[in-house]
Amino acid sequence: FASTIYSIKEGIVTVDARGRVEQMNRVAEQLTGWKEKQAAGRCIDEIIILCDESGKQSENISVSGLLKRDISQGEIKIISSKEGARIPVSISATDLINEDKEVTGKVVVFNDHSAELEKEAAAKAREERILRQRLALARLSVEESINSGDIITAKRIFTEVTYEAIQTGRISIWLFSEDETEFRCIEMFEAASGNHTEGIKYKTKDYSGYFSVLRKESRINSADVMSD
C-alpha cells in the first residue's frame, strides 16, 4: 500500500490515529503546496485548509472534523493551498485497519474539481448570455420608437438594449458618409456613465485595411466582443 499511493492520480494523504500526516503523494503535494517531508508529522488541518469562496479559512469545519464522521462518498469543499490558491475538491476518507482490526489512521482522498466547475460555470454563462439576447430581441420587436420611426429615441433604446444583451462597456452605431470618405458615429452609449453621445468621425483613408474589409463583408467578426 505504501508504494501504491504514489501512483494514484488522486490526491492521497494518510494520517495516523491522531490526525498527523504520514504520507502524501505527488498530486496531494501539488494541490496543497506542501512537500511530503515538510508535511510529515503535522496535523492534517495545517496541510489541508478548508476555506470559503473568498479564501477565508472556515471556522466551523476542518478536515479533522470531517474525519470524525462518514465521508466515504465524498464532499465538495474548497481548500486553500500553501500559496493561497483556492481549489474546489471532493474529500473522502476510509479507515486504515491493522491485522488486529484496529483503526490506526485514515486514508484521505481528494479530487480536483476545478476543470469540471469551470465547464459548468462556462455553460451557465453561455445560457445566461443566450437568454439576455432573446430578451433583448423580444424587447426591440415591440419597442414603439422603432415601430413608429422615432430614430433619435430608437437608436438610444437600441444601444441600451444591446448593452443588456452582451454587456460590453460601450455600444455604438456608425455610418459611412455618402461618398464613403468618412465613418461617423451617430450613437454611442457608455455603460459606466449612462451617457449617450455622437459625432465622432474617422477618415476611411486612415484605416484603409479595416474599411476595405467592412465594405466587402458588411461586417467584421469578433472572436471576443469584450476585448476585440
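Every heavy atom of this structure was used, including side-chain atoms; hydrogens, water molecules and symmetry mates were not.
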Q) Given the rule that I, L, V, M, F, W and Y join up when any side-chain heavy atoms are under 4.5 Å apart, are F189 and L135 in one cluster? A) no
Q: Would you give the length of the straight line joining atom CG of N25 to atom NZ of K9, rounded to the nearest 0.5 angstrom?
A: 13.0 Å
Q | Option among F176, F183, Y210, W174 that satisfies the ring pair (Phe, Tyr, Trp, His ring centres under 6.0 Å) test with Y202 | A | W174
Q | Side-chain donor-acceptor contact under 3.5 Å, Y163 with E190 | A | no
Q | Hphob cluster co-occupancy, I130 + V161, side-chain heavy atoms under 4.5 angstrom | A | no
Q. If you measure from CD1 on I44 to OG on S64, what distance do you get to the nearest 0.5 Å?
A. 8.0 Å
Q: Would you please name every residue forming a salt bridge (Lys or Arg N to Asp or Glu O under 4.0 Å) with R126, sequence neighbours left out?
A: none
**Q.** side-chain contact (heavy atoms from CB on, under 4.5 Å) between N111 and V89, intermediate numbers included
**A.** CA-CA 5 Å; N111 291 289; V89 300; 6.0 Å; no
Q) Given side chains that start at C-beta, do those of Q38 and K82 come closer than 4.5 Å, heavy atoms only? A) yes
Q: Evaluate the side-chain proximity of I91 to V108: yes if any heavy-atom separation is below 4.5 Å, no if none is.
A: yes
Q) Which heavy-atom pair separates A28 from F110 by the least distance, and what is that distance? A) CB-CZ, 3.9 Å
Q. Testing I47, I79, L50 for side-chain contact (heavy atoms from CB on, under 4.5 Å) with V63, which one passes?
A. L50
Under 3.5 Å, which donor-acceptor pairs link side chains of residues 141-150 to any protein atom two or more places apart or in another chain?
from	atom 1	to	atom 2	distance (Å)
S141	OG	A138	O	2.6
E143	OE2	S145	N	3.3
E143	OE2	S145	OG	3.0
N147	ND2	E143	O	3.2
S148	OG	E144	O	2.9
S148	OG	S145	O	3.4
D150	OD1	T153	N	3.3
D150	OD1	T153	OG1	3.4
D150	OD2	T153	OG1	2.8

Q: Could you grab the distance from atom NZ of K155 to atom CD1 of I173, nearest 0.5 Å is fine?
A: 7.5 Å
Q: Calculate, to the nearest 0.5 Å, the distance between atoms CD and OG1 belonging to E22 and T14 respectively.
A: 5.0 Å
Q: Apply side-chain contact (heavy atoms from CB on, under 4.5 Å) to the pair S90 and H113, showing each step before the final yes or no.
A: CA-CA 7 Å; S90 63; H113 283 254; 3.0 Å; yes
Q) So I49 and D45, side-chain contact (heavy atoms from CB on, under 4.5 Å) or not? Walk me through it. A) CA-CA 6 Å; I49 300 174; D45 292 334; over 6 Å; no
(Q) Please give me the minimum heavy-atom distance between R42 and W34, naming the atom from each residue. (A) NE-CZ3, 3.4 Å
Q. Does I186 share a hydrophobic cluster with L140, counting links as ILVMFWY side-chain heavy atoms below 4.5 Å and allowing steps through other members?
A. yes
Q. Within a reach of under 6.0 Å around CD of E178, are more than 12 heavy atoms found that belong to other residues, nucleotides or ligands?
A. no
Q) Is it true that a side-chain atom of D16 and a backbone atom of R18 form a donor plus acceptor pair closer than 3.5 Å? A) yes
Q: Would you mind reporting whether V13 and V21 have side-chain heavy atoms less than 4.5 Å apart?
A: yes
**Q.** Side-chain heavy-atom pair T32, S81 within 4.5 angstrom cut-off
**A.** no
Q: Mind listing the closest non-hydrogen atom pair of G209 and S212 along with its distance?
A: O-OG, 2.8 Å
Q.
Run the salt bridge (Lys or Arg N to Asp or Glu O under 4.0 Å) test against R156 and tell me which residues pass, sequence neighbours left out.
A. none
**Q.** CA sep, side-chain torsions, deciding dist, call: S172, T159, side-chain contact (heavy atoms from CB on, under 4.5 Å)
**A.** CA-CA 7 Å; S172 54; T159 52; 6.0 Å; no
Q | Those residues that, when tested against T181, pass side-chain hydrogen bond (donor to acceptor under 3.5 Å, both in side chains) (two or more places apart) | A | D179
Q.
Taking salt bridge (Lys or Arg N to Asp or Glu O under 4.0 Å) as the definition, give me every residue that meets it alongside D95, ordered by chain and number, with sequence neighbours left out.
A. K106
Q: Heavy atoms only: give me the nearest Q23-I5 pair and the separation to one decimal.
A: CB-CD1, 3.6 Å
(Q) For the CD atom of E182 and the NZ atom of K205, what is their distance to the nearest 0.5 Å? (A) 10.0 Å
Q) Would a hydrophobic clustering, with Ile, Leu, Val, Met, Phe, Trp and Tyr connected at side-chain separations under 4.5 Å, put M188 with I151? A) no
Q. Of the non-hydrogen atoms in R20 and C43, which two are nearest, and what is the gap between them?
A. NH1-N, 3.4 Å
Q) Which atom names give the shortest non-hydrogen contact between P88 and D112, and what distance separates them? A) O-OD1, 3.5 Å
Q. Are R139 and E164 close enough, and set up right, to give a salt bridge (Lys or Arg N to Asp or Glu O under 4.0 Å), and what steps lead you there?
A. CA-CA 11 Å; R139 180 180 171 187; E164 293 172 4; 3.5 Å; yes
Q.
Could you work out, with salt bridge (Lys or Arg N to Asp or Glu O under 4.0 Å) as the rule, every residue matching R184, not counting sequence neighbours?
A. E198
Q. Do K35 and M24 come close enough that some side-chain heavy atom pair is under 4.5 Å?
A. no
**Q.** Pairwise distance CG(L175) to NZ(K201) - rounded to 0.5 angstrom
**A.** 12.5 Å
Q) Do I200 and Y207 sit in the same hydrophobic cluster, where Ile, Leu, Val, Met, Phe, Trp and Tyr count as joined when their side-chain heavy atoms come under 4.5 Å apart? A) yes
